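Everything quoted here is computed from the prediction, not taken from an experiment.
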Amino acid sequence: MSTPDRMLSILDLFRDDTTAAFQEDVMAHLECSRATAYRYLKSLTESGLLAPTSGGAYVLGSRIIELDRHLRQHDPLMRAARDVMRATGDELHANLMLCSYYGDKVMCVDRYWTDDSIESSYARGRPYTMFHGATAKPILANLPPYQLRNLMLWHSAEIREAGLGEDWDEFRANLKRLRTAGVYVSHGEIDPGLIGIGSAIFSPEQKVVGSLVFIAAEARTTEERLEILQARIQVAAAQVSQNLQAPQSNGAAAIGIMPSRPRRLKAPAGVTPARQKK
């Protein structure tokens, strides 16, 4: 791992159950000396990504807020989806989530909520596994084979537990069925009592970059309503994909959006990640 990668991986220490990080945490995380940990923390602090606080602790810095504002205003995926989500949600009185992914996690990056009686734990910015729910599986099903092989190597137990396959052949066959269907319906995979209806979003290069998902209460969703939502989510996701091909209103092309590859910092002992064939 390069020095910049090592330094930026310190941000991985900040999770839902973490209020602050200490120099000792960095030393353990990177298996580095105190001097190296101090140097990295100093660089991240000077960039505004971290901020020192009392007791030798470090918290996320104000630069994170600045970057989040910029993301909300200029992210190509969010811009391409915003009007589609609003129009579709208002017409069907339905709740929508826009999701993206990085590494081996999927994340809600935007929501349009018309029905406040439905509560979901899937808040914006909270990462979830790639192997559960209508937010993740449409993305997973459209990843290229070499990335799926790496996921199978690194997360075979999670894949089996999610019912996606006992081995590579079964995993690949299940994802092919999901990909062919074009839409995935989950029942309580993330939140009990809620249905997710999701479809994949693609870049102009036909690389999967995210998913668009309806979130509905299972008890109030009839079969007829479910059929309507399945059809409409595919139409809406296709419209977002089409919008990604158009120039943005500020003159910048949307085609620059590229998904990050599912990867892991360290592969398990004895495992060699698959490489893309030239």
Side-chain angles (χ1 to χ4, degrees), residues 8 11-19 48-51 59-90 92-140 184 186 188-203 208-217 229 232-233 236-237 239-241 243-244 248 254 257-260 262:
L8 289 173
L11 299 177
D12 293 338
L13 293 171
F14 293 90
R15 301 178 297 270
D16 282 351
D17 58 351
T18 305
T19 56
L49 295 175
L50 293 182
V59 297
L60 293 177
S62 298
R63 176 69 171 158
I64 301 291
I65 302 173
E66 182 181 356
L67 292 173
D68 181 64
R69 176 182 176 274
H70 188 278
L71 183 70
R72 289 174 182 265
Q73 290 185 324
H74 302 296
D75 176 69
L77 180 59
M78 294 173 66
R79 288 164 62 91
R82 194 160 289 149
D83 289 344
V84 176
M85 294 172 70
R86 184 181 298 111
T88 305
D90 287 345
L92 298 175
H93 190 58
N95 296 340
L96 288 118
M97 285 186 183
L98 175 68
C99 296
S100 184
Y101 74 97
Y102 71 97
D104 55 5
K105 297 179 176 65
V106 64
M107 179 182 294
C108 173
V109 296
D110 204 1
R111 305 198 329 171
Y112 189 72
W113 227 244
T114 65
D115 186 353
D116 290 332
S117 69
I118 296 176
E119 296 183 6
S120 173
S121 64
Y122 223 126
R124 180 180 183 272
R126 185 176 183 182
Y128 277 86
T129 173
M130 286 284 285
F131 310 114
H132 292 280
T135 52
K137 288 182 180 177
I139 297 173
L140 183 68
Y184 177 74
S186 65
E189 291 185 30
I190 302 296
D191 293 307
L194 296 187
I195 298 176
I197 306 105
S199 190
I201 298 169
F202 299 91
S203 72
V208 62
V209 294
S211 63
L212 191 63
V213 188
F214 283 125
I215 304 296
L229 294 179
R232 292 301 300 276
I233 200 65
Q239 182 62 61
V240 176
S241 298
N243 290 349
L244 282 171
Q248 301 293 292
I257 184 171
M258 291 293 290
S260 60

query = Heavy atoms, side chains only, cut-off 4.5 Å: are Leu49 and Leu67 in contact?
reply = yes
query = Got Leu50 and Leu11 here, is their nearest side-chain heavy-atom distance under 4.5 Å?
reply = yes
remark   = So CD1 of Ile233 and CD1 of Ile197: to nearest 0.5 Å the spacing works out to 7.5 Å
task = Could you tell me the separation between the OG atom of Ser186 and the NE2 atom of His132, rounded to the nearest 0.5 Å?
result = 11.0 Å
ask   = What are the two closest non-hydrogen atoms of Glu189 and Gly133, and how far apart are they?
value = OE1-N, 2.7 Å
ask   = What are the two closest non-hydrogen atoms of His93 and Asp115, and how far apart are they?
value = NE2-CB, 4.2 Å
inquiry  = Nearest 0.5 angstrom please: Gln73 CD to Leu71 CG, how far?
reply    = 10.0 Å
Main-chain N/O of Ile139 paired with Ser211 side-chain donor or acceptor, under 3.5 Å = no
task = Identify the two heavy atoms, one from Cys108 and one from Asp110, that lie closest to each other, and give their separation to 0.1 Å.
result = SG-O, 3.4 Å
query = Taking all non-hydrogen atoms of both residues, which atom of Met85 and which atom of Tyr112 are closest, and how far apart?
reply = O-CD2, 3.6 Å
ask   = Going through the distances and angles, do Leu96 and Phe214 end up as a side chain to side chain contact (heavy atoms under 4.5 Å, CB included)?
value = CA-CA 5 Å; Leu96 288 118; Phe214 283 125; 3.6 Å; yes
task = For Ser121 and Arg126, work out which heavy atoms get closest and say how close.
result = O-NH1, 3.3 Å
ask   = Quick one: does Leu140's side chain get under 4.5 Å of Tyr101's, heavy atoms only?
value = no
query = What distance do Met130 atom CE and Lys137 atom NZ have between them, rounded to the nearest 0.5 Å?
reply = 12.0 Å
inquiry  = When you measure from the side chain of Trp113 to the backbone of Glu119, do you find a donor-acceptor pair of N or O atoms at a distance under 3.5 Å?
reply    = no
Lys/Arg-Asp/Glu bridge criterion (N-O < 4.0 Å) met for Arg69, Glu66 = no
task = Check for a donor-acceptor pair, side chain of Asp191 on one end and backbone N or O of Ser120 on the other, with a separation under 3.5 Å.
result = no
task = Measure the shortest side-chain to side-chain distance between Gln239 and Leu212 over non-hydrogen atoms and say whether it is less than 4.5 angstrom.
result = no
ask   = When rounded to the nearest 0.5 angstrom, what is the spacing between CG in Asn95 and OG1 in Thr88?
value = 12.5 Å
query = Between CG of Asp75 and CG of Leu98, what distance do you get to the nearest 0.5 Å?
reply = 8.0 Å
key: Closest contact, heavy atoms only, Val59 versus Phe14   = CA-CE2, 3.9 Å
ask   = Any side-chain heavy atom of Val240 within less than 4.5 Å of one from Leu77?
value = yes
query = Less than 4.0 Å between a side-chain N and a carboxylate O, is that true for Asp90 and Arg86?
reply = no
inquiry  = If the condition is ring pair (Phe, Tyr, Trp, His ring centres under 6.0 Å), which residues does Tyr128 pass it with, not counting sequence neighbours?
reply    = Tyr122
inquiry  = Determine whether a donor-acceptor pair (N or O, by modelled atom type, separation under 3.5 Å) exists between the side chain of Thr114 and the backbone of Ala94.
reply    = yes
